[in-house]
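Convention: sequence-line order gives letters A, B, ...; per-chain numbering from 1. Heavy-atom basis, side chains included; hydrogens, waters and symmetry copies ignored.
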Amino acid sequence: MPRPQKRLAGAAGPDKKGLSVKRTKTKNSDETSGHKENSSPQVTPDLKNCGQNLKNYWLMKSEPESRLEKGVDVKFSIEDLKAQPEQIACWDGVRNYQARNFLKAMKLDDEAFFYHSNCKEPGIAGLTKIVKEAYPDHTQFQKNNPYYDPSSKEDSPKWFMVDVQFVRIMKRFISLAELKTYHQAHKASGGPLKNMALFTRQRLSVQSLTQEFDFILSLEDKEPS
DNA sequence: GCCAACGTTGGC
DNA sequence: GCCAACGTTGGC
């Protein structure tokens, strides 16, 4: 029943309405409202978020090349996100329980890599942030939507989505091949990518990152390996 | 387009 | 609750 009617690859389509824009009136360019605390992952022990909020980091897959699913093009690249109104889109179509649980765990301002999958050059293309926490994915109730799930009831939705906002394109594209090279090396050395879900849970379309995140950001300033 | 990996279904 | 059949993901 919850057969993955679509690719788990999030593919947040420019789905007609839907797209709640709301909050974050601040449009594009991250001026993330003047006060954001830790702009660097590093959080100096000085004030600010003394409380609750430590950011979480994620990786979300989407297909940047056209492909029809039940007659609907599921293409959704980082450029497509950037072109959305307010540069925000809802991440619909996730039909895998583990991925859904990660969506539900996402908090406002968490950051996520935008990963291009099922394409000529797979890899990390950009950075996004969560601007709306999990709410029911309306496409599960729409009969002719590729992600329709007849087993889900409106009064107890099975599938959820978040809204993500474009933050930036990566300074350079971080290819799957490069990440894999590090993953292999780190398995031996104990480095940060040794358990990266991209390789250990290869089909999971929404993944949680920890030490991988900063390491991958640091690759932007290095030569491609 | 092939096919390995792997999640889901459904008979028993 | 096991597990073979099946279907999808997604790299290559």
Atom-pair distance (CD on A/Q98; C1' on B/dC6), nearest Å: 12 Å
Selection from C/dG10, C/dG11, B/dG7 that lies nearest to any side-chain heavy atom of A/N96: B/dG7
Interatomic distance where CZ belongs to A/R100 and C1' belongs to B/dG7 [whole Å]: 14 Å
Spacing of A/R203 atom CZ relative to B/dG7 atom P, expressed in whole Å: 7 Å
Shared hydrophobic cluster for A/F173 and A/L217 (ILVMFWY, side-chain gaps under 4.5 Å): no
Side chain of A/P122 (C-beta onward), nearest among C/dG10, B/dT8, C/dG11: C/dG11
Closest approach of A/F76 to A/A89 (non-hydrogen atoms, all atoms of both residues): CZ-CB, 3.7 Å
Aromatic ring proximity, centroids under 6.0 angstrom, A/Y97 and A/W159: yes
A/Y115 side chain near C/dG11 phosphate (N/O to OP1/OP2, under 4.0 Å): yes
Salt bridge present between A/R95 and A/D149 (N-O < 4.0 angstrom): no
With A/H183 via ring pair (Phe, Tyr, Trp, His ring centres under 6.0 Å) - residues at least two apart: A/F199
Atom-to-atom span, NZ of A/K75 to P of C/dG10 - whole angstrom: 18 Å
A/Y57/A/F113 aromatic ring centres below 6.0 Å: no
Between B/dG7 (C1') and A/N101 (CG): distance, integer Å: 14 Å
Rounded interatomic separation in angstrom, taking OH from A/Y97 and P from B/dT8: 7 Å
Gap between atoms CZ and C1', on A/F199 and C/dG10 respectively (whole Å): 13 Å
Contact list for DNA chain C against residues 177-187 of chain A - heavy-atom distance below 4.0 Å: A/K180
Interatomic distance, A/K61 NZ vs B/dG7 C1' [rounded to whole Å]: 13 Å
Within 45° cone and under 6.0 Å: A/K180 NZ/CZ vs A/Y182 ring: no
Nucleotide N/O to protein N/O under 3.5 Å, stretch nucleotides 1-5 of chain C:
none

Carboxylate-amine/guanidinium contact A/K55 A/E111, below 4.0 Å: yes
Ring centres under 6.0 angstrom apart (A/F114, A/W91): yes
